[in-house]
Visitor: 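Okay, here's the structure, questions in a sec.
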Number of protein chains: 2
Amino acid sequence: MTAEPDSALHADAARPSRREQILQAAAQLFAERGSRSVGVDDVGAAVGVTGPAIYRHFASKDAMLAEMLLRISERLLAGAEQVLTDAGDDPADQLAGLIAFQVDFALDNPALITVQDRDLGALAEADARQVRRLQRRYVEHWVGVLAALAPEASTAECRARAHALFGLINSTPHSGGRLSRPAMQARLTAMALAAATA
Amino acid sequence: MTAEPDSALHADAARPSRREQILQAAAQLFAERGSRSVGVDDVGAAVGVTGPAIYRHFASKDAMLAEMLLRISERLLAGAEQVLTDAGDDPADQLAGLIAFQVDFALDNPALITVQDRDLGALAEADARQVRRLQRRYVEHWVGVLAALAPEASTAECRARAHALFGLINSTPHSGGRLSRPAMQARLTAMALAAATA
DNA sequence: GGCACAGGTTAACCACGGTTCACGTCGCCG
DNA sequence: CGGCGACGTGAACCGTGGTTAACCTGTGCC
């Protein structure tokens, strides 16, 4: 009773059970067809339960989406900050680290990448604001590194560069799995590096 | 009577009237909130009529979306083929032309770019198939040029490169309008060129 | 054993939104 | 003038889908 085994606030590393299954299955479905087109029954069926069972784990379908997007933003932001502390002071190393991280994330979680920028608009304004705040902080880490590498460029310019790099790297969900993971990783990394220093 | 002034099949250059207004307004709304979240009433209101009035111009909301996506794919494909015939036999020139074209299109029609890859899944299978066919042909033009520039790369590899370039160029809707159009154009072009030849 | 509670189930509820209907109005053509 | 066709409107219809309600079952703990 003193220690709650799980909370709606953050990932529960201890057990990969239900709730987590639901989030994962929902992410997959949302990525394929868009959150508005996926029914609660569909999500339930994907984990072997009926629709309403979802409500034992989430307050609403919207709450489910909100938590999904929040977690993604948090993981990305935390990852970027980890990368920046691990890399030294050399902006080139930092950039390489950020690119490697984003490439890995995109290749490992194509569904999350898709959902994040497709269904942000489906969130209630309060949740959307919070997600955008996290995203902005993530972007700003990139902008900082890019600015260090190109001192002549304005902040707006660097932001545009950062978004272009995200677009490039996040293209993976669109290019089907024709290429092996290592090949894709190498290709995206090379292209992103070349584009970043253009 | 002998010459029908408009047909559902292709754009009606003669007059920018209703039907066309509707498609344009709908594209804007769909881009902002996603087609599933936009009501027929919303689209109507955007052009100053009530919801059901839409049905005087389109068989259904889905038909509207289908026509929208078909037109986009057709415009892109036609543009690419135009570019390739205008450019000479030099693959480098061809690539530059394709990039310039895609950059212009993306900067001129951010809403269409957004809708095209967000709402393809909302189409009936028959329509979706047709759109994908057109898209595939568009992509193949890029793949051909990229293959000519990098003979050692496999077709799958070139396809991945092409999608990455699309992602890069199509990032414009995400980076707000902070940068002037010419600056954005120059930046995207430079990054795309650098990435393409990486 | 029995109680509490987590986790499911089915049936019902209800709002929303696409679509259709029956009805106006305006402009043009014979 | 009379009527027809294009274009709109407000009201009604109805399927879909999120949500809730009432009820069941197993498991762990006193």
Side-chain angles (χ1 to χ4, degrees), chain A residues 1-8 12 14-27 29-30 32-69 115 119 121-124 127, chain B residues 1-8 12 14-27 29-30 32-69 115 119 121-124 127:
Chain A
M1 212 57 60
T2 45
E4 292 291 6
D6 69 26
S7 128
D12 178 29
R15 51 167 182 179
S17 159
R18 219 27 63 116
R19 190 172 169 87
E20 297 305 319
Q21 295 177 34
I22 294 176
L23 273 176
Q24 188 181 333
L29 290 172
F30 287 1
E32 287 165 8
R33 322 204 303 251
S35 71
R36 295 311 267 240
S37 305
V38 174
V40 156
D41 289 351
D42 299 327
V43 177
V47 298
V49 298
T50 59
I54 302 285
Y55 292 85
R56 296 290 167 192
H57 304 278
F58 297 92
S60 69
K61 190 186 161 189
D62 288 337
M64 196 172 82
L65 180 63
E67 180 168 338
M68 191 182 304
L69 294 191
V115 174
D119 290 308
L123 254 51
D127 294 316
Chain B
M1 217 61 47
T2 45
E4 291 291 7
D6 69 25
S7 129
D12 178 27
R15 52 169 182 180
S17 153
R18 222 23 65 113
R19 188 173 170 87
E20 297 305 319
Q21 293 177 36
I22 294 177
L23 273 176
Q24 188 181 334
L29 290 173
F30 287 0
E32 286 165 8
R33 323 204 304 254
S35 71
R36 293 313 263 242
S37 305
V38 174
V40 159
D41 289 351
D42 298 327
V43 177
V47 297
V49 297
T50 59
I54 301 284
Y55 291 86
R56 297 288 169 195
H57 304 277
F58 296 92
S60 70
K61 189 185 163 191
D62 287 338
M64 195 172 83
L65 180 62
E67 180 168 338
M68 190 183 303
L69 295 191
V115 173
D119 289 307
L123 254 49
D127 295 316

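These numbers come from the heavy atoms of this one structure, side chains and all, not from hydrogens, waters or symmetry mates. Given the structure is predicted, the values throughout are model-derived calculations rather than measurements.
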Visitor: If you compare all heavy atoms of A:Leu29 against all heavy atoms of A:Ala46, which two are closest, and at what distance to 0.1 Å?
Guide: CD1-CB, 4.0 Å

Visitor: Nearest whole angstrom, please: distance from the P of C:dG7 to the CZ of A:Phe58.
Guide: 12 Å

Visitor: What are the two closest non-hydrogen atoms of A:Ala26 and A:Val43, and how far apart are they?
Guide: CB-CG1, 4.0 Å

Visitor: Using 0.5 Å steps for rounding, measure from the CZ atom of B:Phe30 to the OG atom of B:Ser37.
Guide: 10.0 Å

Visitor: In this structure, how many angstroms lie between the C1' atom of C:dT19 and the CG atom of B:Asp62, rounded?
Guide: 12 Å

Visitor: Examine distances only and state if a side-chain atom of A:Lys61 and a backbone atom of A:Ile54 form a donor-acceptor pair shorter than 3.5 Å.
Guide: no

Visitor: Could you tell me, to 10°, how much the axis swings from one end of the helix from C:dG1-D:dC30 to C:dG30-D:dC1 to the other, five pairs per end?
Guide: 10°

Visitor: For the pair A:Val115 and A:Leu65, evaluate side-chain contact (heavy atoms from CB on, under 4.5 Å) and give the outcome as yes or no after the intermediate values.
Guide: CA-CA 9 Å; A:Val115 174; A:Leu65 180 63; 4.1 Å; yes

Visitor: When you match A:Gly39 and A:Arg56 each to their closest nucleotide on DNA chain D, which lands nearer the 5' end?
Guide: A:Gly39

Visitor: Return the value, rounded to whole Å, for the distance between atom CZ of A:Arg36 and atom C1' of D:dG17.
Guide: 11 Å

Visitor: Without decimals, in angstroms, what is the distance between A:Asp42 CG and D:dT19 P?
Guide: 14 Å

Visitor: Walk me through whether B:Leu123 and B:Leu69 qualify under side-chain contact (heavy atoms from CB on, under 4.5 Å).
Guide: CA-CA 9 Å; B:Leu123 254 49; B:Leu69 295 191; 3.7 Å; yes

Visitor: Among the nucleotides D:dT19, D:dT9, C:dT19, which one has an atom lying closest to any side-chain atom of B:Ala53?
Guide: D:dT9

Visitor: Classify the nucleic acid contact of A:Val38 as base, sugar-phosphate or nothing, counting any heavy atom under 4.0 Å across all strands shown.
Guide: sugar-phosphate

Visitor: Using only side-chain N and O atoms of A:Arg18, determine if any of them is under 4.0 Å from OP1 or OP2 of C:dG8.
Guide: yes

Visitor: How far apart are the closest heavy atoms of B:Val40 and B:Pro52, and which atoms are they?
Guide: CG1-N, 4.4 Å

Visitor: Would you say A:His57 places a side-chain N or O within less than 4.0 Å of OP1 or OP2 belonging to C:dA6?
Guide: no

Visitor: Roughly, in whole Å, what's the span from OH in B:Tyr55 to P in C:dG17?
Guide: 13 Å

Visitor: Roughly how many Å is it from CG in A:Asp41 to P in C:dA12, rounded to a whole number?
Guide: 16 Å

Visitor: A:Ile54 CD1 to D:dG17 C1': how many Å, rounded?
Guide: 13 Å

Visitor: Figure out the CD/C1' separation between B:Gln21 and D:dC7, and round it to whole Å.
Guide: 13 Å

Visitor: Think A:Thr50 has a side-chain N or O under 4.0 angstrom from the OP1 or OP2 of C:dT9?
Guide: yes

